Enquirer: 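Before anything else, here's the structure in question.
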Amino acid sequence: MKHLQYIPAQTGKNAGFALMTGAITSGVVIGSLPAIRLAGEHTPWLHQYFSPLLCGDTVFAVFGKTLLSELLFLAAVFLLGAFAFGQAAGAAMLVYRGVGIGVSVSQMYSAGGLRSVPAVAALALPYSLAVSLIAILAVREAMRSSNRILLFFASGKSIGGERRGLRMYCIRFAVLIIISLFISAADSLLNYIFAGLL
């Protein structure tokens with residue numbers, strides 16, 4: 001009987017991860033559309049500094065802009081977890097994150113054609129994958145928090161202690177912020193090492 005209960009639980013987790021990955025992928029497709037790409041090239045709110053070409057010429061400029069982009073995203077998702085109906089907005093944030101990747105990568109291809117493939121593979125792709133994983137983890141935590149709040153309002157029952165739940169929620173986001181700091185530092189270093197590819 002334990003095995004029968006275990007398999008659906010794992011399937012549910014995998015399905016949730018697949019749906020979140022699909023949301024980011026749909027955002028990448030949207031961001032790759034010519035009209036969105038052209039609009040986003042000079043708009044940080046759209047390109048979100050995923051492209052090294054848009055981050056500046058120094059290691060500190062790249063680090064500062066990528067970290068700022070990460071912190072703003074995590075702050076927005078953190079706040080969504082404080083609302084009962086934050087689930088849909090969380091999914092929309094994943095699409096938004098994907099739009100930034102799509103705009104930046106398509107801009108790199110537009111600027112360099114096939115010559116930009118090594119730069120995308122070495123610079124844009126690793127950073128985009130790492131940031132996408134952080135985004136999925138953050139949105140997952142926000143959705144869980146939002147579900148707890150919705151359950152409380154709907155039935156008056158809470159899952160676990162409110163203080164402990166809030167504390168764990170804050171700790172998880174603090175860990176994601178620390179990881180984002182390391183990701184931004186690594187991205188800056190890669191940009192410095194492989195600057196000749198751009």
Side-chain angles (χ1 to χ4, degrees), residues 16-17 20-28 30-32 36-37 40-83 86-87 89-108 119-146 166 168-195 198:
F17 186 83
M20 290 184 182
T21 303
I24 290 179
T25 304
S26 66
V28 172
I30 293 168
S32 301
I36 305 297
R37 177 182 61 80
E41 281 184 10
H42 305 292
T43 309
W45 291 108
L46 281 179
H47 65 65
Q48 302 169 57
Y49 297 110
F50 276 100
S51 171
L53 297 172
L54 303 169
C55 290
D57 299 324
T58 67
V59 172
F60 293 110
V62 174
F63 176 75
K65 289 177 179 176
T66 54
L67 183 60
L68 177 63
S69 175
E70 272 294 286
L71 293 179
L72 289 174
F73 179 84
L74 289 174
V77 174
F78 179 86
L79 292 175
L80 289 177
F83 295 94
Q87 299 91 339
M93 289 296 288
L94 290 176
V95 175
Y96 168 72
R97 208 61 170 148
V99 168
I101 297 171
V103 167
S104 297
V105 171
S106 61
Q107 189 261 346
M108 290 177 73
V120 171
L123 301 175
L125 188 60
Y127 177 67
S128 297
L129 289 174
V131 168
S132 295
L133 182 59
I134 292 293
I136 288 172
L137 293 174
V139 169
R140 183 187 68 180
E141 291 303 320
M143 285 184 170
R144 286 177 177 173
S145 175
S146 184
L166 178 61
M168 290 305 298
Y169 185 66
C170 293
I171 288 172
R172 286 173 181 144
F173 269 86
V175 170
L176 291 178
I177 288 171
I178 292 169
I179 294 171
S180 296
L181 193 150
F182 283 108
I183 290 172
S184 294
D187 183 56
S188 304
L189 185 61
L190 283 174
N191 276 275
Y192 177 75
I193 294 171
F194 295 106
L198 297 173

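By convention here, the first residue in the shown sequence is residue 1. All values reported here derive from a predicted model rather than from experimental measurement.
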Enquirer: Can you name the nearest heavy-atom pair linking G86 to S146, along with the distance?
Expert: N-OG, 3.0 Å
Enquirer: Is there a donor-acceptor contact under 3.5 Å from the side chain of S26 to the main chain of A23?
Expert: yes
Enquirer: I'd like to check Y49 versus E70 (side-chain heavy atoms, cut-off strictly below 4.5 Å). Are they in contact?
Expert: no
Enquirer: So F50 and Q107, side-chain contact (heavy atoms from CB on, under 4.5 Å) or not? Walk me through it.
Expert: CA-CA 10 Å; F50 276 100; Q107 189 261 346; over 6 Å; no
Enquirer: Counting C-beta onward and ignoring hydrogens, is there a side-chain heavy-atom pair between L71 and S180 closer than 4.5 Å?
Expert: no
Enquirer: With a 4.5 Å cut-off on side-chain heavy atoms, are V77 and F173 touching?
Expert: yes
Enquirer: So, do I24 and V95 sit near enough that their side-chain heavy atoms are less than 4.5 Å apart?
Expert: no
Enquirer: Over all heavy atoms of both residues, which pair between A135 and R97 is shortest? Give the atoms and the distance, please.
Expert: CB-CG, 4.2 Å
Enquirer: Between I36 and G31, which heavy-atom pair has the shortest distance, and what is it?
Expert: CG2-CA, 3.9 Å
Enquirer: May I have the step-by-step check of side-chain contact (heavy atoms from CB on, under 4.5 Å) for L46 and V99, ending in yes or no?
Expert: CA-CA 7 Å; L46 281 179; V99 168; 4.2 Å; yes
Enquirer: I'd like a table of donor-acceptor pairs (distance under 3.5 Å, sequence neighbours excluded) in which one partner is a side-chain atom from residues 121-129, with atom names and distances.
Expert:
residue : atom : partner : partner atom : Å
S128    : OG   : A124    : O            : 2.7

Enquirer: To the closest 0.5 Å, what do you measure between CG (L137) and OG (S132)?
Expert: 11.0 Å
Enquirer: How far apart are the C-alpha atoms of I183 and L67, what are their side-chain angles, what is the distance that settles it, and do they pass the side-chain contact (heavy atoms from CB on, under 4.5 Å) test?
Expert: CA-CA 8 Å; I183 290 172; L67 183 60; over 6 Å; no
Enquirer: Would you mind reporting whether F78 and C170 have side-chain heavy atoms less than 4.5 Å apart?
Expert: yes
Enquirer: Evaluate the side-chain contact (heavy atoms from CB on, under 4.5 Å) criterion for residues Y169 and R144: first the C-alpha distance (whole Å), next the side-chain angles of each, then the deciding distance (0.1 Å), finally the verdict.
Expert: CA-CA 9 Å; Y169 185 66; R144 286 177 177 173; over 6 Å; no
Enquirer: Look up atom OG in S32 and atom CD1 in I101, then write down how far apart they are to the nearest 0.5 Å.
Expert: 10.0 Å
Enquirer: Please report the interatomic distance CG(D187) to CZ(F63), rounded to the nearest 0.5 Å.
Expert: 10.5 Å
Enquirer: Taking the side chain as every heavy atom from C-beta outward, state whether V105 and V28 have any atom pair closer than 4.5 Å.
Expert: no
Enquirer: Is the shortest side-chain heavy-atom distance between M20 and R140 below 4.5 Å?
Expert: yes
Enquirer: Among side-chain atoms of S104 and R37, is any donor-acceptor pair under 3.5 angstrom?
Expert: no
Enquirer: Could you check whether any side-chain heavy atom of W45 comes within less than 4.5 Å of a side-chain heavy atom of L72, counting everything from C-beta outward?
Expert: yes
Enquirer: Would you compute the distance between atom OG1 of T25 and atom CD1 of I30 and round it to the nearest 0.5 angstrom?
Expert: 11.0 Å
